[in-house]
Number of protein chains: 2
Amino acid sequence: MKPTIRDVAAEAGVSIATVSRVLNGKDRVKDSTKSKIEEAIRKLNFQPDQNARSMIKKETRTIGMVVPELSNEYWAQLFDVLQRLFWENGYTIFIGTTERNLDKEAAVVKTFIERRVDGIIFGSALPRPNPDRTLELLERFAVPTVSLDPRMKGLHCVVGDHLQGATDAVDHLIRLGHRSIAYVGGPIVPDNRELGLRNAYLLNDLPVNEALFRRTSDSPTFQSGYAEMKRLLGEGESFTAVFGFNDAVAFGCIRALEEAGKRIPEDVAIVGYDDIQMATVFKPRLTTVRQPVREIGEALATLLLRALSETPDAQRSFPRTHIAFKTKLVVRDSCGGRG
Amino acid sequence: MKPTIRDVAAEAGVSIATVSRVLNGKDRVKDSTKSKIEEAIRKLNFQPDQNARSMIKKETRTIGMVVPELSNEYWAQLFDVLQRLFWENGYTIFIGTTERNLDKEAAVVKTFIERRVDGIIFGSALPRPNPDRTLELLERFAVPTVSLDPRMKGLHCVVGDHLQGATDAVDHLIRLGHRSIAYVGGPIVPDNRELGLRNAYLLNDLPVNEALFRRTSDSPTFQSGYAEMKRLLGEGESFTAVFGFNDAVAFGCIRALEEAGKRIPEDVAIVGYDDIQMATVFKPRLTTVRQPVREIGEALATLLLRALSETPDAQRSFPRTHIAFKTKLVVRDSCGGRG
DNA sequence: CCTTAGCATGGTAACGATATCATCGTATTA
DNA sequence: TAATACGATGATATCGTTACCATGCTAAGG
């Protein structure tokens, strides 16, 4: 059996209270006693049970992170940033994937609540139903939560300004002379990137062709982008540019276009979103909208940590915060026009 | 304050023992009592405290996963597979990244032990020191662990057969006529991929040029591959092919080569490792060695779950298992010769 | 009608820590 | 020298569950 604080106390010939004192290093303990206890701890290979500690401390020092999936560079990078920041503050991270399924999402949040996480980073990306079970859970149990999805009403929120980002991207295409831009979006609506596109059309007083607005049926990945572009090409609509929901989708489109004999950017211009690492490798290099992942992660962590440092009473009245990060259009070669 | 089982008992006018019974659904409870209790649970929004439950059950139903980082498609994909399988079996996953640092690695494992995870998936990738603190921790506390690193002696182990994979890849290059193959490895030794390369040289009775064996100084990423290839090119060694530690590194090399005016595959042939999604996008498409991630993940989960189902006594004598998965050479365009 | 079984439930000791209050010396002060 | 303060430690309630044993009730069997 694993040794407990009682075993250590017996071994060192003191009371468990004193052992607890050296474990936490707060009360004063005589040096000789302290070293006796430390020796006993070493000898028995004692590791305090964090769960037992949590029960009485009423905080677990765990964070739950909910994301669609991790095999998506954006989420993975975000995780790496968050992991480092929370680790530095003594938190361990539970992670649960929604697999883009509302039931799973709610189940993950419920699990986190049962495990009494101190806070939640909510990075799901699903259309919000009504009633929204996940949101209800989060509110009922008053778990401090920071969301990456602005549609989660009432939660703190840190986002990239996708409306702006998409508008910039499409403006760029329009300025290069494109008038028919196909959009391959993700599976969810409403979608600020799509709105940004429509916004740019509007600002430039251009007609929209609804047949060019597409959405992938599942996760916005390389495969789904590829499949959707194949379908679009099959329908014979004409277009001279493509705006992809993210870089993976954009790459999928590129692959489909090339298989259909189109050249990039000569025949079709492409712009993506996220600026993943591979965006600089692919030739022609991808023009895309960069999200400041590190800054977003830091804002997320800072906000949640600040909320956690409030007393439980104060947390309820902690002001709702909404931070939107500016994105940046990174112009490379996939739209041509720059040589 | 969050409602406890006692509040529910009071609300329903029964004892906490009975509430516990309906919570666990094992003992028989009269239907009318049961519904009274369920009503109270709903009314109070009661969620049982999993940690309190763990204390007495002596299992937390959590798994700790330790990985170098997640912004690496291989680890991210593996995580997604594992997450699904463990979720289906009622486990929640803690994840900790080592940041390729032995101290952090040991600290993560220690944290997992303090949190009393039921099992650990050990996916660190670091040179093993002697003495090996992480291994000692794992052994002392007898946490059921499955490793992805065969150098963790005494642990169950599931790996891709990299020696074979690398041999296949290099054999392919040699068969295409290449005699000077640069290797850009990861930061750690020994490295089975490097050994596979040497093995192929040996089998084909070719001389080796040590100057062509390189290793990235940090994580095997796009950036480090790019930097290392830049350095190699600066040294003026001649070579006609490159074998990259993984696809990201290979892409980094490609980028550096192209900047130096080399064409792929005409001037330099490239082969990567892992077969990430982008391997099919890049033109020329990357020839690479595919690891069966899904199968590896399933084997990992199955093995750990089986170990966990043993009684604590039986776990000690549970036979050490070592599973190596065959890899598959995926021939595309980056080596030419098929074209 | 008494015994006995079995069902439904209650009471309470764990689990492994921390927190609080009590206690006992010993040194300091008036 | 008695009062006092403080430093070091011990005893024990507590956190929110589950496990285990006890108990009361009803119905069946003799």
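Chain letters run A, B, ... following the sequence lines, proteins first and then strands; every chain starts at 1.
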Go through the side-chain N and O atoms of [X] and [Y] and say whether any donor and acceptor fall under 3.5 Å apart.
X: A:R115; Y: B:T92; answer: yes
X: B:E69; Y: B:T97; answer: no
X: B:S54; Y: A:N51; answer: no

Walk me through it: do A:I93 and A:F79 pass the test side chain to side chain contact (heavy atoms under 4.5 Å, CB included)? CA-CA 10 Å; A:I93 299 188; A:F79 171 82; 4.1 Å; yes
Taking atom types as they are modelled, would you say the side chain of A:R21 forms a donor-acceptor pair with the base of D:dG10 within the 3.5 Å cutoff? yes
Between [N] atom [atom2] and [X] atom [atom1], what is the distance in whole Å?
X: B:K57; N: C:dA14; atom1: NZ; atom2: P; result: 20 Å
X: A:D7; N: C:dG16; atom1: CG; atom2: C1'; result: 10 Å
X: A:K30; N: C:dG25; atom1: NZ; atom2: P; result: 13 Å
X: A:Q50; N: C:dG16; atom1: CD; atom2: C1'; result: 12 Å
X: B:E59; N: D:dT18; atom1: CD; atom2: C1'; result: 12 Å
X: B:R28; N: C:dG6; atom1: CZ; atom2: P; result: 12 Å
X: A:K26; N: C:dA17; atom1: NZ; atom2: P; result: 16 Å
X: A:Q47; N: C:dG16; atom1: CD; atom2: P; result: 15 Å

Specify the residue among A:M55 and B:R6 whose closest nucleotide of DNA chain C lies further upstream toward the 5′ end. B:R6
Does A:S15 have a side-chain nitrogen or oxygen under 4.0 Å from the phosphate oxygens OP1 or OP2 of D:dG10? yes
Under-4.0 Å side-chain N/O to phosphate OP1/OP2 contact, B:T18 with C:dT9: no
Can you tell which of D:dG16, C:dA17, D:dT18 lies closest to the side chain of B:I16? D:dT18
Which listed nucleotide (C:dA14, D:dT9, C:dT9) is nearest to the side chain of B:I56? C:dA14
Are any side-chain N or O atoms of A:N89 and backbone N or O atoms of A:L85, one a donor and one an acceptor, separated by less than 3.5 Å?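 Confirmed, A:N89 side chain pairs with A:L85 backbone.
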Reckon [X] touches a base, only the sugar-phosphate, or nothing at all at heavy-atom distances under 4.0 Å?
X: A:S54; result: nothing
X: B:S20; result: base
X: B:N24; result: sugar-phosphate

